[in-house]
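Here the structure comes first, spelled out in structure tokens, and everything after it is commentary.
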Amino acid sequence: MAKSVMVTYALWAAGGPLGLHHLYLGRDSHALLWMLTLGGFGFGWVRDFIRIPSYVAEANENVEKERETPPSMAPPPVSLVRFVGQVCVGIYFGTVALIGLNSLSFFYLIVLPLSVGAGVHLVSCIGQQTSDLQKTLTTCLITSPIFYGSTLSPLPISLAASVTAAQNRRAKPPRTPGSKQKLAPRLYRLGLAWLAFSAPLGYCIFHNTTATLYYLSDCVAALLDIFWFLPWLRNVLEYILLMPYRLLCVITGGGYYEEAWRKVLEILLKEYSEKEKEALQVLSLEVEASLEDITRSYRELVKTWHPDHNPSKEAEATFMKIHEAYEVLLRRHKPHRFK
């Protein structure tokens, strides 16, 4: 059945940021990207308003002239928009992995490069072209150790992977008659991909909110530090990146300084996580305990349970438990970088 431009525009308006119009047109890779980035961070969704007629024509296979001639073996032309999208989505996927999966072993050597490579490859597969997944992931795996442990490592990894994907771009093979798949299996695969992307991030946010916010703020600070030689550009980026924070400050009645940020954190993080509650119990502290109270209790318990001073069998295990509890609570009370 031929696809309708009017129906596509209706779906674009009703659920464009979730990729409903791309799903209707059979552009599953594009639909998945829009689901994971909310319409290409909003910009792609707006751009689709102009691109929809060409998407519909492509879905309806209105390319009779091309059908009459043998398919060209030349690679598709380089697209600056696609390249920028590959870099941005690669960084986005890498940042999500840093937030939700950085506790895994060999994270910087395997998990992070594979995450960045998946984001880059997803963009490279949109439309009528694709790329070499194996070469893209190999580039990520080779580049990642060079920037091992860096907060900004997704940026150079994504750049290298995007260059590789662009160099190995090729046209997708034409679909054979009858190869169109039903909607249910397509939705099933898209749902699994969305779940694989969002589950680690959701777990991290709900079980370690403080560390997540601190990590995001550290990423912003590290990004701004790159532009120290262009103060005007740094100020513009800071204003844009900190817009949500400024809005929260207005809501709470505070200014744009550390005291206001601390007030925002108190509102966002007023509830302790389960891990933090257990840490408070280990150090025999109340919820209202200050950093000084935490440090004082920690030092007193260390004196009692340190294996060098306590010969009991459970001393070492208790000492480690006390130290871990102290580290958990120390991260919560860690001073923020922004002033």
Side-chain angles (χ1 to χ4, degrees), residues 33 36-37 41 83-125 131-168 193 196-205 207-230 233-234 237-238 241 275 320 323-324 326-328 330-332 334-338:
L33 178 62
L36 301 181
T37 62
F41 313 109
F83 182 83
V84 172
Q86 289 174 172
V87 174
C88 292
V89 175
I91 294 173
Y92 174 57
F93 273 47
T95 302
V96 170
L98 277 166
I99 294 173
L101 301 172
N102 60 2
S103 61
L104 298 178
S105 301
F106 304 106
F107 171 79
Y108 284 97
L109 295 177
I110 298 177
V111 180
L112 178 60
L114 293 182
S115 300
V116 174
V120 172
H121 185 70
L122 178 59
V123 179
S124 71
C125 290
S131 186
D132 192 315
L133 175 60
Q134 183 176 352
K135 292 182 179 179
T136 300
L137 295 181
T138 300
T139 300
C140 294
L141 292 170
I142 293 174
T143 308
S144 185
I146 302 175
F147 303 93
Y148 186 90
S150 172
T151 304
L152 296 177
S153 55
L155 173 58
I157 298 173
S158 184
L159 279 171
S162 298
V163 171
T164 302
Q167 291 176 339
N168 294 276
F197 176 88
S198 59
L201 181 61
Y203 176 84
C204 181
I205 291 176
H207 287 80
N208 202 358
T209 311
T210 308
T212 301
L213 289 177
Y214 280 142
Y215 173 76
L216 290 175
S217 67
D218 287 344
C219 287
V220 173
L223 177 62
L224 294 176
D225 288 343
I226 295 177
F227 301 97
W228 61 269
F229 56 93
L230 292 175
L233 180 58
R234 188 184 190 281
L237 289 174
E238 181 179 1
L241 293 173
K275 192 173 183 180
M320 293 300 298
H323 182 71
E324 291 174 0
Y326 177 67
E327 290 292 331
V328 168
L330 194 63
R331 284 196 295 270
R332 178 183 177 90
K334 173 185 175 183
H336 207 269
R337 293 182 60 173
F338 284 126

Find out whether Phe107 and Leu98 are in side-chain contact, i.e. whether some heavy atom of one side chain is under 4.5 Å from a heavy atom of the other. yes
Is the shortest side-chain heavy-atom distance between Pro113 and Thr143 below 4.5 Å? no
Any side-chain heavy-atom pair from Phe93 and Leu36 closer than 4.5 angstrom? yes
Identify the two heavy atoms, one from Val87 and one from Ser158, that lie closest to each other, and give their separation to 0.1 Å. O-OG, 2.8 Å
For the residue pair Tyr108 and Tyr148, does the interplanar ring angle fall in the parallel (under 30°), tilted (30 to 60°) or perpendicular (over 60°) class? tilted
Closest contact, heavy atoms only, Leu114 versus Leu141: CD2-CD2, 4.3 Å
Do the non-hydrogen side-chain atoms of Val163 and Phe83 ever get within less than 4.5 Å of each other? yes
Atom of Leu137, atom of Gly117 and distance for their closest heavy-atom approach: CD2-CA, 3.8 Å
Taking atom types as modelled and ignoring hydrogens, do the side chains of Ser131 and Ser124 form a donor-acceptor contact shorter than 3.5 angstrom? no
Got a second to check how far Cys125's SG is from Leu133's CG, nearest 0.5 Å? 7.5 Å
Could you tell me whether a side-chain N or O of Thr95 sits under 3.5 Å from a main-chain N or O of Ile91, the two making a donor and an acceptor? yes
What closest approach, in Å, do Pro156 and Ser153 show between heavy atoms, and which atom pair accounts for it? CD-O, 3.2 Å
Can you tell which of Leu159, Thr164, Asn168 makes a side-chain contact (heavy atoms from CB on, under 4.5 Å) with Thr139? Thr164
If you compare all heavy atoms of Leu112 against all heavy atoms of Pro154, which two are closest, and at what distance to 0.1 Å? CD1-CG, 4.2 Å
